[in-house]
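Every number for a ligand or one of its atoms is a count from 1 in the order of the listing.
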Amino acid sequence: MIVSEIFYSLQGEGFLTGVPSVFIRLAGCPLRCKWCDTKYAWDAKAGQDFSIEKIIKTIKKWPCRFVVITGGEPMVNSELGELTAQLKEIGKHITIETAGIKFVANLDCDLMSISPKLGNAELADGKSALNVEVLNELTANYKYQLKFVICTEQSLSVDSKDDLAEIKQLLAQIENVDLEKVMLMPQAATRDELLAKSEMVAELCRQSGFVFCQRLQVLLWDNQRNI
Ligand code: SF4
C-alpha cells in the first residue's frame with residue numbers, strides 16, 4: 001500500500017475528539033476539494049510503499065488501541081479490507097475517514113467517519129461528489145458519524161442554496177439517518193480561521209440541533225502537520 005504518513009496524535013474531529021490515536025494516511029484521492037488540507041496525499045503514488053505487515057509493525061511502536069485510517073480517500077484502496085482485518089486481529093479500534101464516495105462491504109470498522117463533500121468543496125470539474133446510494137449503504141452497514149464542512153455565514157431557510165440547506169436536502173434522502181450523528185465543522189486550515197468561524201457554526205448547531213464538530217488539531221497546533 002502507498003502510505004503518505006503514519007503518526008501518533010489526538011483525534012481532532014468527531015465523537016472521538018481527544019482520543020490518542022495512530023493515524024495511517026493512505027495516498028490517493030480522486031476528489032480535489034478547494035479547501036483540502038491534505039493535498040500532499042492526492043497523488044496515489046505520493047508516499048512510501050508499505051506491506052501490511054510493515055504498517056502493523058510501525059503502528060505497534062505506540063501502545064494505543066485507536067487507529068484511524070485516513071487519506072486521501074482510503075475507500076478506493078483495494079487492500080483496505082486486508083489492512084482492517086489484520087488491525088482487528090490485534091485488537092484495534094478502527095475508524096475509517098471517508099468522503100462517502102464508495103461503498104465497500106464487510107470491512108472491520110468500528111466507526112465510519114463520513115464527510116460528504118458539499119458544493120462548497122468546489123470540485124475542479126464542477127461535478128457533485130455526493131452519492132446518495134453510497135451514503136445509504138455506508139450508514140446502513142456501519143456505525144457512523146456524518147461530518148459536514150461549513151464555509152460561510154448561513155441563512156436557515158431551507159429554500160436557500162447555503163450549506164445547511166444542502167445538508168438537509170441530502171439527509172432527507174438517507175434512509176433512517178440518525179440526526180444525532182450529524183456534525184457541523186467550521187472550514188479552517190488555521191487557528192485564526194477556526195476561531196473566526198466557530199461562533200457562526202456554534203449558532204447554526206444551536207438552531208439546527210446538529211452537533212458542533214471541533215478541529216482540535218487546528219486549535220492546538222494551528223496548521224502544523226502530524227503533531
Ligand atoms: S476528499 Fe478529503 S482528501 Fe480528497 S480532496 Fe477532498 S478533503 Fe482532500
Side-chain angles (χ1 to χ4, degrees), residues 1-7 9 11-14 16-17 21-48 50 67-80 83 94-104 107 109 111-135 137-139 142 144-152 163 166-167 170 174 182-190 193-194 197 201 213-219 221-226:
M1 304 181 96
I2 305 299
V3 172
S4 168
E5 57 195 349
I6 298 179
F7 60 99
S9 189
Q11 174 55 278
E13 301 170 4
L16 293 175
T17 294
S21 306
V22 178
F23 291 78
I24 302 168
R25 188 182 307 287
L26 300 178
C29 180
L31 302 186
R32 296 288 181 266
C33 302
K34 183 185 168 193
W35 34 252
C36 178
D37 52 7
T38 54
K39 290 181 175 154
Y40 55 89
W42 279 357
D43 182 349
K45 294 183 188 137
Q48 274 185 280
F50 274 53
V67 172
V68 181
I69 304 174
T70 189
E73 174 49 73
M75 295 293 271
V76 299
N77 194 301
S78 60
E79 292 176 86
L80 182 63
L83 175 62
I94 302 161
T95 298
I96 297 175
E97 296 188 329
T98 177
I101 56 171
K102 185 179 176 193
F103 175 68
V104 182
L107 292 169
C109 175
L111 177 62
M112 192 62 75
S113 182
I114 311 164
S115 185
K117 302 310 177 211
L118 303 175
N120 65 36
E122 295 184 30
L123 299 182
D125 56 9
K127 288 189 186 153
S128 170
L130 298 176
N131 186 325
V132 173
E133 200 178 318
V134 169
L135 295 172
E137 293 266 37
L138 289 171
T139 53
Y142 294 104
Y144 65 92
Q145 62 190 12
L146 281 162
K147 295 183 303 179
F148 291 97
V149 172
I150 302 291
C151 277
T152 52
D163 296 345
E166 199 180 347
I167 291 167
L170 177 65
I174 303 176
V182 178
M183 310 185 90
L184 307 184
M185 178 167 70
Q187 184 277 317
T190 65
E193 219 177 342
L194 179 63
K197 291 180 182 170
V201 175
C213 182
Q214 187 50 271
R215 305 192 92 141
L216 187 63
Q217 74 282 22
V218 178
L219 191 62
W221 300 301
D222 205 358
N223 53 0
Q224 293 179 69
R225 193 171 145 183
N226 310 343

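- Here E5 pairs with R225 in a salt bridge; the nearest charged N to carboxylate O distance falls below 4.0 Å.
- Between the side chains of Q224 and Q217, not a single donor N or O lies within less than 3.5 Å of an accepting N or O.
- Within the protein, the N, O or S atoms lying under 2.8 Å from atom 4 (Fe) of ligand 1 are C29 SG.
- Listed by chain and residue number, W35, D163 satisfy the side chain to side chain donor-acceptor pair (under 3.5 Å) test with N120 (two or more places apart in sequence, or in another chain).
- Within a 6.0 Å radius of NZ in K34, no more than 12 heavy atoms belonging to other residues, nucleotides or ligands are found.
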Set out, in order, the CA-CA distance, both residues' side-chain angles and the distance that settles side chain to side chain contact (heavy atoms under 4.5 Å, CB included) for T95 and I69, then state yes or no. CA-CA 6 Å; T95 298; I69 304 174; over 6 Å; no
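- Using the six-membered ring where Trp is involved, F7 and F23 have ring planes that are parallel, under 30° apart on the 30 and 60° scheme.
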